[in-house]
Amino acid sequence: MKIATFNINGVKARIEALTAWLDDARPDVALLQEIKSLDEGFPREIFEDRGFFVETHGQKGFNGVAILSKLPLEDVERGLPGDDSDEQARWIEATVVGKIAVRLVGLYLPNGNPAPGPKFDYKLAWMDRMKARVAHMLTLEMPLVFGGDYNVIPDAIDAAKPEAWVDDALFRPESRAAFRSIVNMGLTEAIRTRDPRPGIYTFWDYQAGAWQKNNGIRIDHMLLSPQAADVLIDAGIDKAVRDGDKPSDHVPVWIELDA
DNA sequence: ATGGTGGTCATACCA
């Protein structure tokens with residue numbers, strides 16, 4: 001089972017780039033972030049025509065997550081628990097059953113800039129809530145896949161110019177510590193585990209020729225429960241997508257599970 | 001220190 005995560009930066013603006021990638025990469029599951037669409041405005045037929053089941057958790061203008069899956073999506077849950085006043089659409093869960101059942105989470109972690117400030121506080125509080133949700137899900141003792149845009153650069157080797165990010169919410173010590181504490185509950189960071197070398201990026205800013213200079217950062221991650229890590233076959237990044245027509249500023253990250 | 005690009009929605013906000 002091939003499971004990918006892709007921050008598409010607007011589903012309407014990315015129809016062509018997204019469908020071209022789906023047809024080429026052929027994931028069984030695609031976790032999408034920043035759909036920037038209400039549920040009723042999501043062009044679900046385009047994906048259903050390609051054989052995908054579609055579940056969305058959108059909001060107007062910003063944020064929004066979705067799951068596309070060739071297998072039926074069961075027990076869908078929307079929203080990260082822990083704050084009833086939080087109206088931002090950043091979390092969706094569903095189960096797919098292939099050879100074995102896999103619980104999927106698609107997540108769009110808050111950016112948090114400027115830091116310090118209320119947006120940074122929201123980011124750190126959101127990460128606390130995520131940690132609690134992960135702890136609960138780990139008690140299921142089943143394959144769990146947490147894929148998404150984490151807006152966290154885990155280490156200096158995950159940025160082409162780490163010195164440029166020292167005061168940024170994506171690289172502040174608090175953000176990295178919170179990410180580390182989630183991983184250290186017993187999750188496997190798929191890309192880092194498969195290839196620990198520096199220089200693997202998933203995001204290149206639209207500005208200042210970041211892509212042409214390979215001035216990238218690695219902020220899109222796949223975290224696996226022990227039961228998912230046991231069946232991890234491969235993991236990678238579809239870097240070439242960044243060179244396509246009207247690309248997102250992120251590229252897809254994928255894993256292959258024996259599941 | 002500033003502005004550089006892009007998406008959404010229609011004016012600023014977000015990244």
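A note on names: the letters A, B, ... follow the listed sequences, proteins ahead of strands, and every chain is numbered from 1.
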Starting at [atom1] of [X] and ending at [atom2] of [N], how long is that distance when rounded to a whole Å?
| X | N | atom1 | atom2 | value |
| --- | --- | --- | --- | --- |
| A:I15 | B:dT8 | CD1 | C1' | 15 Å |
| A:K123 | B:dA15 | NZ | C1' | 11 Å |
| A:N63 | B:dC13 | CG | C1' | 11 Å |
| A:E34 | B:dA15 | CD | P | 7 Å |
| A:I8 | B:dA15 | CD1 | C1' | 15 Å |
| A:Q59 | B:dC13 | CD | P | 16 Å |
| A:K60 | B:dC9 | NZ | C1' | 7 Å |
| A:D249 | B:dT8 | CG | C1' | 14 Å |

Partner nucleotide of B:dC14 by Watson-Crick or wobble geometry (both distances under 3.5 Å):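 Looking at the geometry, B:dC14 pairs with B:dG6.
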Say you pick atom [atom1] in [N] and the same atom in [M]; how far apart are they, in whole Å?
| N | M | atom1 | answer |
| --- | --- | --- | --- |
| B:dT2 | B:dG6 | P | 23 Å |
| B:dC9 | B:dC13 | P | 16 Å |
| B:dA12 | B:dA1 | C1' | 23 Å |
| B:dT11 | B:dG7 | C1' | 14 Å |

Centroid-centroid under 6.0 Å between A:Y150 and A:Y108 rings: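 Not under 6.0 Å, so no.
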Ring centroid separation A:F146 to A:H221 under 6.0 Å: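 Distance test on ring centres: not under 6.0 Å, no.
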Sole candidate of A:H57, A:R78, A:R103 that passes side chain to side chain donor-acceptor pair (under 3.5 Å) when paired with A:E93: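 Among the candidates, only A:R103 passes.
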Test log, rule salt bridge (Lys or Arg N to Asp or Glu O under 4.0 Å), inputs A:E189 and A:R218: CA-CA 12 Å; A:E189 211 249 85; A:R218 194 174 70 91; 2.8 Å; yes
Whether over 12 other heavy atoms sit under 6.0 Å from A:E16 CD: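 Not more than 12 within 6.0 Å, no.
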Sugar-phosphate, base or nothing in reach of A:F203, heavy atoms under 4.0 Å: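 No contact at all - A:F203 keeps every heavy atom at 4.0 Å or more from the nucleic acid.
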Close N/O contacts between protein and nucleotides 3-7 of chain B (under 3.5 Å):
| unit_1 | atom_1 | unit_2 | atom_2 | d |
| --- | --- | --- | --- | --- |
| B:dG4 | N9 | A:Q207 | OE1 | 3.2 |
| B:dG4 | N1 | A:Q207 | OE1 | 3.4 |
| B:dG4 | N3 | A:Q207 | OE1 | 2.9 |

Pi-cation contact, A:F52 with A:K70 (under 6.0 Å, within 45°):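 Yes, A:K70 lies over the aromatic ring of A:F52.
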Residue mapping more 5' on DNA chain B - nearest nucleotide basis, A:Q88 or A:I35: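 Mapping each residue to its closest nucleotide by heavy atoms, the 5'-most match is A:I35.
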Flag for A:E163-A:W165: side-chain donor and acceptor within less than 3.5 Å: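 Absent: no donor and acceptor within the cut-off.
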